[in-house]
Amino acid sequence: MVEDSQIKAQVSPFAIREGEIKTFDGKDGYVSMNQIVHKINIGHITEIHFAILDLVNEFEFITSRQLYQMLEIKGIDPKSQDKLNNKLEQLVKSKILTRYYFTSDEGKGIYRIYCLEKMGKYLLTSKELECKWQPSDNTKPVGMIKKRLAGNQTLIAYLRKVKAFDSYTVKPAITAKVAGKVFKATGGSVKLTKNNKSIQFLFEAVRREIDWQKKLVEKMRLYKDFYENFVPGDSGYSTLPQLILICEDEKHMAETFKEIVTNQLEISQIKLYFTTDLRQNKETLEDTLAEFKLIDGKYKMENVELKLLGM
């Protein structure tokens, strides 16, 4: 597998491309549960297939590279990306998983996205694993899926590269008390612990989807509600979590910050940090965060060095 530091991409694969659509790349037709049980009985579907299924269930949408990294983290050796892709192909052919890719005016995307199929849910529930998947989940739009993929990449980067890493949550639920609304941080969250002291990071993935500015304003209003009315214990947090916005690129960080300031959505209780997809590919995450400071009447972006994010 190509290491993060070897990736020379100038544009994030999880950035929105103009006119982009999600294209089905799974299998049509009918597969019976008896056929799947037979494949399990003769050893064509094994424990590693179930480990893959468990991860797809947890993350909802995930790339094969992200699956490879997560299997390694869990102590399961996929042998190679090709061997993992073969196992994914088996699961797709059996309609346990399904697969999509993105198409735009620029052509096909370079990666495939995997998500559950009905048979996958049956297999997970047969093992008494919680699975909330429903068929309508696979109809989610491009922007929502790319937020998940950008969030996955960030969580995996923290898992692999931060010594203080403690735990992660893929879809943390947060309550905006005044609005009376429960919402999800689209990029997930991580808990970091050092010298018996812990801090939580909340990640909100921002994409340049249609009406992205309006969607950002609506989401930031909910975050502002949560932070301004926070008391210990709210949404399961003993102290205020640190909010980090994952943007598509450096320019997008400035665009996102401008929307927040213009709409008076700064949060006085915390420093607002920003990062990008490609910053997660660095060998260390110590200098992957940025903030905007008011200097001589103008906002200037500065990198933030956090030793806590080192190896």
Side-chain angles (χ1 to χ4, degrees), residues 14 22 24-27 31-33 36-37 40 45 47-64 66-67 69-71 73-74 76 87-88 91-92 94-100 112-156 158-159 167-176 179-191 200-205 207 209 215 218-219 222-223 226 234-237 241 246:
F14 310 131
K22 183 179 70 175
F24 179 69
D25 189 38
K27 299 295 176 186
V31 177
S32 72
M33 183 54 80
I36 292 171
V37 169
I40 294 170
I45 294 176
E47 283 306 309
I48 192 168
H49 291 88
F50 277 99
I52 291 166
L53 202 55
D54 201 20
L55 284 167
V56 176
N57 178 40
E58 182 181 19
F59 286 90
E60 189 177 7
F61 296 100
I62 192 166
T63 68
S64 61
Q66 291 172 348
L67 277 168
Q69 291 173 317
M70 282 304 303
L71 287 167
I73 287 164
K74 289 181 176 290
I76 300 165
K87 288 179 172 61
L88 289 166
L91 292 168
V92 169
S94 299
K95 291 184 72 67
I96 294 168
L97 295 180
T98 196
R99 183 170 57 199
Y100 296 90
R112 300 291 184 268
I113 309 106
Y114 294 87
C115 47
L116 282 180
E117 271 274 28
K118 186 165 59 177
M119 289 298 183
K121 179 168 184 170
Y122 290 162
L123 286 178
L124 286 167
T125 51
S126 74
K127 288 202 162 221
E128 297 185 349
L129 296 168
E130 186 181 22
C131 180
K132 294 178 180 177
W133 177 89
Q134 47 194 5
S136 59
D137 291 350
N138 292 2
T139 66
K140 288 182 178 176
V142 172
M144 201 174 282
I145 296 171
K146 288 207 165 182
K147 286 176 186 177
R148 175 72 275 133
L149 299 177
N152 293 352
Q153 181 189 352
T154 303
L155 294 181
I156 291 167
Y158 276 73
L159 270 156
S167 61
Y168 72 91
T169 305
V170 176
K171 297 177 189 174
I174 302 152
T175 302
K181 189 170 182 179
V182 177
F183 64 100
K184 302 280 177 72
T186 55
S189 71
V190 295
K191 181 181 179 183
Q200 304 256 20
F201 282 9
L202 276 178
F203 298 104
E204 181 63 32
R207 302 292 97 173
E209 57 194 319
K215 290 173 183 174
E218 288 170 356
K219 197 67 176 279
L222 295 175
Y223 276 117
F226 166 70
D234 281 357
S235 302
Y237 296 100
I246 311 168

May I ask you to test the [X]-[Y] pair for a side-chain heavy-atom distance under 4.5 Å?
| X | Y | answer |
| --- | --- | --- |
| Met119 | Ile96 | yes |
| Leu149 | Gln66 | yes |
| Tyr114 | Tyr100 | no |
| Val190 | Gln200 | no |
| Arg207 | Ile246 | yes |

Would the distance check show the side chain of [X] and the main-chain N or O of [Y] forming a donor-acceptor pair, the cut-off being under 3.5 Å?
| X | Y | value |
| --- | --- | --- |
| Lys27 | Val92 | no |
| Asn138 | Pro135 | no |
| Arg99 | Asp25 | yes |
| Thr125 | Glu128 | no |
| Arg148 | Ile62 | no |

Practice problem: With sequence neighbours left out, write down each residue that passes salt bridge (charged side-chain N to carboxylate O under 4.0 Å, His left out) with Lys215, or none if nothing qualifies. | Solution: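 Salt bridge (charged side-chain N to carboxylate O under 4.0 Å, His left out) check on Lys215 returns Glu209.
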Exercise. Identify, with sequence neighbours excluded, every residue that meets salt bridge (charged side-chain N to carboxylate O under 4.0 Å, His left out) alongside Lys219.
Key: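 Glu204.
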Provide the closest heavy-atom pair for [X] versus [Y] in the form atom of the first, atom of the second, distance.
| X | Y | answer |
| --- | --- | --- |
| Leu116 | Val56 | N-CG1, 3.8 Å |
| Thr98 | Gly26 | OG1-CA, 3.7 Å |
| Leu155 | Ser189 | CD2-O, 3.6 Å |
| Ala173 | Val182 | CB-CG1, 3.9 Å |
| Asp137 | Phe61 | O-CZ, 3.4 Å |
| Met70 | Ile156 | SD-CG1, 3.7 Å |

Practice problem: Evaluate whether atom CZ of Phe24 has more than 12 neighbouring non-hydrogen atoms of other residues, nucleotides or ligands under 6.0 angstrom away. | Solution: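 Yes, because the 6.0 Å sphere around CZ of Phe24 holds more than 12 heavy atoms from other groups.
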Practice problem: Report the C-alpha separation of Leu222 and Lys181 in whole Å, then their side-chain angles, then the decisive distance to 0.1 Å, and conclude whether the side-chain contact (heavy atoms from CB on, under 4.5 Å) test is met. | Solution: CA-CA 8 Å; Leu222 295 175; Lys181 189 170 182 179; 4.1 Å; yes
Practice problem: Flag the pair Lys140 and Glu60 as a salt bridge only when some basic side-chain nitrogen lies within less than 4.0 angstrom of an acidic carboxylate oxygen. | Solution: yes
How long is the span from the [atom1] atom in [X] to the [atom2] atom in [Y], to the nearest 0.5 Å?
| X | Y | atom1 | atom2 | answer |
| --- | --- | --- | --- | --- |
| Lys171 | Thr169 | NZ | OG1 | 12.0 Å |
| Cys131 | Asn57 | SG | CG | 4.0 Å |
| Leu159 | Thr154 | CG | OG1 | 11.0 Å |
| Ile48 | Lys87 | CD1 | NZ | 5.0 Å |

Practice problem: Kindly state whether the ring of Phe183 and the ring of Tyr223 have centres lying under 6.0 angstrom apart. | Solution: yes
Self-check item: Matching residue for Leu91 among Ile52, Ile36, Leu123 - test: side-chain contact (heavy atoms from CB on, under 4.5 Å)
Solution: Ile52
Quiz item: With sequence neighbours left out, which residue pairs that include part of residues 47-58 fulfil the salt bridge (charged side-chain N to carboxylate O under 4.0 Å, His left out) condition?
Solution: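 Listed once each, the pairs are Glu47-Lys127.
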Practice problem: Could you tell me how the ring of Phe59 sits relative to the ring of Tyr168: parallel (under 30°), tilted (30 to 60°) or perpendicular (over 60°)? | Solution: parallel
Quiz prompt | Audit row: Lys95, Lys118, side-chain contact (heavy atoms from CB on, under 4.5 Å) steps and yes/no | solution = CA-CA 8 Å; Lys95 291 184 72 67; Lys118 186 165 59 177; over 6 Å; no
Exercise. Give the C-alpha distance, both sets of side-chain angles, the deciding distance and a yes or no for side-chain contact (heavy atoms from CB on, under 4.5 Å) between Asp234 and Phe226.
Key: CA-CA 8 Å; Asp234 281 357; Phe226 166 70; 4.2 Å; yes
Quiz prompt | Stacked cation flag Lys146 on Phe14, 6.0 angstrom / 45 deg | solution = no
